[in-house]
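Structure first, commentary second.
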Amino acid sequence: MGKCILVCAGEFVPIEIPVEDGDYVIAVDGGFRYCQMLGILPDLILGDMDSASEEERAVIEEIEREDPSRIHRLKPEKDDTDTLSAVREGLERGYRKFYFYGALGGRLDHSIANIQTLLFLKKQGAVGYILTDTQLVTVIRNEEITFHAGVEGRMSLFSLGEKAEKVTIKGMKYVLTEDTVTNDFPIGISNEFIKTEEALVRVENGELLIMVEWSCQ
């Protein structure tokens, strides 16, 4: 099965969004404008449409007339954010890998909510990646993540719970060996990749937010 691609309404620097056979693309509310910009027709346009412009709403209404199944309108008064509603749609369709674009920037509360959604996915046995032109954000839980040799840039990690135990970092400028990372001391900020080495981050008990500013040569 492919991946579920969510195009959200946060800040977006135009980058290529690879869509392959088996992928499912959801435009989350005002994220529809970015799909238009890139010439992508989403499989689903979902939201309460509060961040869509009048012009975008007109296009959405035209799509709705031609293919009603492609539109899912949400009530403004709801517990889930539009992004979390989109994630639930993807999970119900069987997807377990989620790529988010336009999920950061703009309103800080929405950025934090989208980061929390990464943890929600992890607890559902799925994985999510927030991608920008320069960043990757993901969550690991009682597991490890590796980055191949050749990656350049910085990585920061933060405990999402009170503490993350037995945290190990290898192949980076600053290493840890089965240490404890707490949510009130930012010991994991601004580590650096070593271009010639594979990097590894492992947590044996807890949840870590991984934030990478990177380029790959």
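We count residues from 1, following the sequence as given. Treat the numbers as computed from the prediction; the structure is a model and nothing was measured. Atoms considered below: every heavy atom in the structure, side chains included; atoms not considered: hydrogens, waters and symmetry mates.
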Which donor-acceptor pairs under 3.5 Å do side chains of residues 32-44 form with protein atoms, sequence neighbours excluded?
{"unit_1": "R33", "atom_1": "NE", "unit_2": "E56", "atom_2": "OE2", "d": "2.9"}
{"unit_1": "R33", "atom_1": "NH1", "unit_2": "G30", "atom_2": "O", "d": "3.4"}
{"unit_1": "R33", "atom_1": "NH2", "unit_2": "S51", "atom_2": "O", "d": "2.5"}
{"unit_1": "R33", "atom_1": "NH2", "unit_2": "E56", "atom_2": "OE1", "d": "3.4"}
{"unit_1": "Y34", "atom_1": "OH", "unit_2": "G10", "atom_2": "O", "d": "2.5"}
{"unit_1": "D43", "atom_1": "OD2", "unit_2": "V25", "atom_2": "N", "d": "2.8"}

Item checked: E197/K170 salt bridge by N-O under 4.0 Å criterion -> no

Check: V127 pairs by side chain to side chain contact (heavy atoms under 4.5 Å, CB included) with which of T138, L121, L118?
Finding: T138

Note to self: Taking Y174's backbone N and O only, do any of them form a donor-acceptor pair with N191's side chain (distance below 3.5 Å, no angle check)?
What the structure shows: yes

Item checked: Nearest heavy atoms of C4 and I26, plus distance in Å -> SG-CD1, 3.9 Å

Next item on the list: Using the side chain to side chain contact (heavy atoms under 4.5 Å, CB included) rule, pick out the option among L157, V137, L119 that qualifies with L209.
Entry: V137

Margin query: Can you confirm whether or not the ring centre of F147 sits under 6.0 Å from the ring centre of F193?
Written below: yes

Check: Checking D23 side chain against K3 main chain: does a donor-acceptor pair fall under 3.5 Å?
Finding: yes

Checklist line | Check: L200 main-chain N/O paired with T146 side-chain donor or acceptor under 3.5 Å | finding: no

Check: Do you know the tightest heavy-atom contact between G94 and M1?
Finding: O-SD, 3.0 Å

Check: Can you name the closest pair of heavy atoms from V203 and A164 and give their distance?
Finding: CG2-CB, 3.9 Å

Notebook entry, point to check: Quick one: does N205's side chain have a donor or acceptor within less than 3.5 Å of a partner on E165's backbone?
Noted result: no

Item checked: SB check D179 K166 (cutoff 4.0 Å) -> no

Margin query: Can you confirm whether more than 12 heavy atoms, excluding those of K163, are under 6.0 Å from its NZ atom?
Written below: no

Check: Does anything in residues 96-106 pair up under side-chain hydrogen bond (donor to acceptor under 3.5 Å, both in side chains), and if so which pairs, sequence neighbours excluded?
Finding: none

Next item on the list: Report yes or no: does R141 contribute a side-chain atom to a donor-acceptor pair with the main-chain N or O of K123 at less than 3.5 Å?
Entry: no

Next item on the list: Measure from the side-chain N and O atoms of T83 to the backbone N and O of N114, and report whether any donor-acceptor pair falls under 3.5 Å.
Entry: no

Check: Is the backbone of I60 close enough, under 3.5 Å, to the side chain of E62 for a donor and an acceptor to pair up by distance?
Finding: no

Notebook entry, point to check: Would you say the side-chain atoms of D80 pair up with the backbone N or O of S85, donor to acceptor, closer than 3.5 Å?
Noted result: no

Next item on the list: Specify the closest pair of heavy atoms between N142 and G206, including all atoms of both residues, with the distance to one decimal.
Entry: OD1-N, 2.8 Å

Item checked: Any donor-acceptor N/O pair, D67 side chain to E64 backbone, under 3.5 Å -> no

Margin query: Has S111 got a side-chain atom pairing as donor or acceptor with G105's backbone, closer than 3.5 angstrom?
Written below: yes

Item checked: Full working for salt bridge (Lys or Arg N to Asp or Glu O under 4.0 Å) between R154 and E213 -> CA-CA 5 Å; R154 295 187 299 271; E213 293 183 44; 3.1 Å; yes

Checklist line | Heavy-atom pair with the smallest gap, counting every atom of A126 and L91 | finding: CB-CD2, 4.0 Å

